[in-house]
Amino acid sequence: MKIVVCVKYVPVLRALKFDPETKRLVREGVPGEVSAFDVRALVAAVDLRAKHGGEVVALTMGPPAAREALEECLALGADRGVHVNDRALVGSDTLATARALAAALRREAPDLILFGRASVDAETGQVGPEVAELLDLPQATVVRRLTIQPGGRRFDAEREIDDGFETVTGPLPAVVTAAEDLAEERFPTKADRQAAAGRPIVEVGVADLGLAADRVGTAGSPTWVAGVEQVTVTRLGETIAGDTPEAQAAALRERLLALGALAPRTGDQRPALPAGAPGAGAPIWVVVETGPDGVRPVTNELLAKAAALAVTLGGPVEAVVIGAGGEHAGALAAAGAHRVLVAHGAGLTPYTTGAHAAVLAEGIRARQPRLVLLGSTVQGRDLAPRVAARLGLGLTGDAVDLDVDAEGRVRQLKPAFGGTIVAPILSRTRPEMATVRPGLLAAARPEPGRPVNVEILGVRPVPERIRVVGQQPLGDAGAAAMDVADVVLGVGKGVGGRAGVEAVGRLAATLGAALGATREVTDAGWLPKQLQIGMTGRAIAPRLYVALGVSGTSEHMVGLRRAGTIVAVNKNPKAPIFKTADLGVVADLAALLPHLGAALAR
């Protein structure tokens, strides 16, 4: 069995600096490393080779320094490396990168292609699905368990999804992107590096791959970065005094009330939908996503944003329902849709990438929308890149907002490098496409009774290569709760263990709050990965975030840049969390916890 692992050489994020005058990241002198998710994919490949035989090939695209990434992969157990290096590749966006990698992969003809779920610098998660589309291979994303069936022609995988876990099976060759749980991160020893010194690394260029220069680099990239802005978040950094836990809790409540963090919501504060009839221009599409409780909140957020953009762009808002969800047409209209397009057909429920990508791509070809928006959920990040690659469209992943510039172009605001910068992304292709993070845009105040026109999208049967064979829901602990919660209680390793997690869970239930977690907590298995906040988890924007036993690493705090008020409770007065919180309580959590219910009640 031949396994190729695609890895990215990324700058060490903590060493990056931003020059406010030139508005550029300073990369000179910044060391690089293999993206952490890709390391886990490589380790998983080495483990599969041990069971099934064959070879592991590490493949990277990048400048000469990226050879260091391949040397690291060889030391971790790869048999050889392939370095795609050519000046013509400079400026490649995700689709141009996927074209170069796909060309290199065709030469290798692997049985399995592994990617990390995303790179830690750009954080898009797009290249894996785009490569799968360009090679016409089945895909399984965010995989945390992977086995190869006897004979090596099929695989079984367990995927992380927003509401739990999903088990799928499919044929090889295939593309798989690795979740953090797929393998433990490893670091090579000196002996490993010495043993790998003689393993080959082959360098290839654009001409070797048979690629035209206008298909890669800046010329071949449908998206481009219009600028870079530094993200600065200022917190109060106050310490709450008190001689006893009860006094600290009382003082905390008093300060939260003064800041308005506990003020009850008066009426419906959501913005109203724009008045007036829709324009006659090209429509804005919102791809509807449903869950166990119906339409997901992110869909309503996107409909409200689409309605606001439609005022400038001059077209109607159309909600696109593929498979289940057509019964929600009235609710979609109340949330901002002028028209609901429904695609029914065999094989569209439950969601699978191939079937939904075929319907969405064909609908875009037929109806020519101006803009296509999806939630940056597991499903949206799985589907959008596949469709974008099929149609040759630019795609911005994980956007936090959108607007229209003076020239009538849709700007998609994209965070990168752990959220330290935001870059406006523009597209050379139409329609523009973007996935948008849940919870960061405001849904509109619903208008029941708005007229809605329901149309049926024609569907051609598409054979689906990936089959869903099981689902395990998380229930009320799903990540969707964090996206809409006013209050989120963050659980850190300082809660002490599962008993501490359960105590915080009871407090959350009393307050009507959602639970979130640090990576240490989810790695320990105390809470599911779907509740992880931070660089390798979710970004949330609650009115109040209470960090309980959270140390406050930068990797966690980048997921909270848009949170309202942050409260930190930690017994270590030197914990980093106190530098990035508004209010800090230095206290033993077990002693303070019984009093927090009264302190945080709204």
Side-chain angles (χ1 to χ4, degrees), residues 4-19 22 24-43 45 56-78 80-94 96-98 100-101 104 114-128 177-178 180 183 185-190 192-194 196-197 199-205 216-217 225 228 230 414-421 423 534-536 553-555 558:
V4 177
V5 185
C6 296
V7 302
K8 187 175 182 182
Y9 185 69
V10 299
V12 176
L13 298 188
R14 61 182 175 273
L16 281 172
K17 295 181 180 179
F18 183 82
D19 187 333
T22 62
R24 296 182 62 185
L25 286 169
V26 179
R27 296 171 179 260
E28 290 76 12
V30 175
E33 62 186 0
V34 184
S35 184
F37 287 128
D38 297 343
V39 170
R40 293 171 186 267
L42 182 78
V43 170
V56 173
V57 181
L59 168 65
T60 194
M61 172 187 135
R67 183 183 178 91
E68 296 176 12
L70 295 178
E71 292 170 350
E72 187 84 356
C73 293
L74 295 178
L76 286 168
R80 56 188 175 90
V82 178
H83 185 185
V84 182
N85 177 25
D86 196 310
R87 289 188 61 83
L89 298 168
V90 174
S92 293
D93 71 355
T94 59
T97 298
L101 292 177
L114 285 172
F115 287 82
R117 65 181 295 173
S119 62
V120 298
D121 55 349
E123 306 163 35
T124 65
Q126 293 171 198
V127 174
T177 72
E180 283 184 281
E185 191 172 7
R186 296 177 194 165
F187 301 94
T189 65
K190 182 178 180 180
D192 292 332
R193 296 183 186 279
Q194 291 173 340
R199 294 173 190 163
I201 296 176
V202 176
E203 186 171 304
V204 295
V216 295
V225 179
V228 174
Q230 186 176 22
K414 159 73 179 171
F417 293 99
T420 58
I421 63 168
M535 185 182 299
T536 56
T553 63
S554 59
E555 288 80 4
V558 297

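Below, all heavy atoms of this structure are taken into account, side chains as well, without hydrogens, waters or symmetry copies.
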For the atom pair [atom1] ([X]) and [atom2] ([Y]), what is the distance rounded to the nearest 0.5 Å?
| X | Y | atom1 | atom2 | result |
| --- | --- | --- | --- | --- |
| Ile201 | Asn85 | CD1 | CG | 11.5 Å |
| Glu185 | Glu180 | CD | CD | 9.0 Å |
| Leu70 | Arg80 | CG | CZ | 11.5 Å |

Measure the shortest side-chain to side-chain distance between [X] and [Y] over non-hydrogen atoms and say whether it is less than 4.5 angstrom.
| X | Y | value |
| --- | --- | --- |
| Glu33 | Val39 | no |
| Arg193 | Glu72 | yes |
| Leu59 | Val84 | yes |

Minimum-distance pair of heavy atoms, taken over all atoms of [X] and [Y]:
| X | Y | value |
| --- | --- | --- |
| Ser35 | Ser119 | OG-CA, 3.4 Å |
| Val127 | Phe115 | CG1-CE2, 3.8 Å |
| Tyr9 | Ala69 | CD1-CB, 3.7 Å |
| Ser92 | Gly217 | OG-N, 2.9 Å |
| Leu42 | Ala78 | CD1-CB, 4.2 Å |
| Lys414 | Thr124 | NZ-CG2, 3.8 Å |

Do any N or O atoms from the side chain of [X] and from the backbone of [Y] form a donor-acceptor pair under 3.5 angstrom?
| X | Y | value |
| --- | --- | --- |
| Asp192 | Leu76 | no |
| Thr60 | Val7 | yes |
| His83 | Gly62 | yes |
| Arg40 | Ala183 | yes |

Salt bridge (Lys or Arg N to Asp or Glu O under 4.0 Å) against Arg199, all qualifying residues, sequence neighbours excluded =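 Scan of Arg199 (salt bridge (Lys or Arg N to Asp or Glu O under 4.0 Å), adjacent residues dropped) gives none.
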
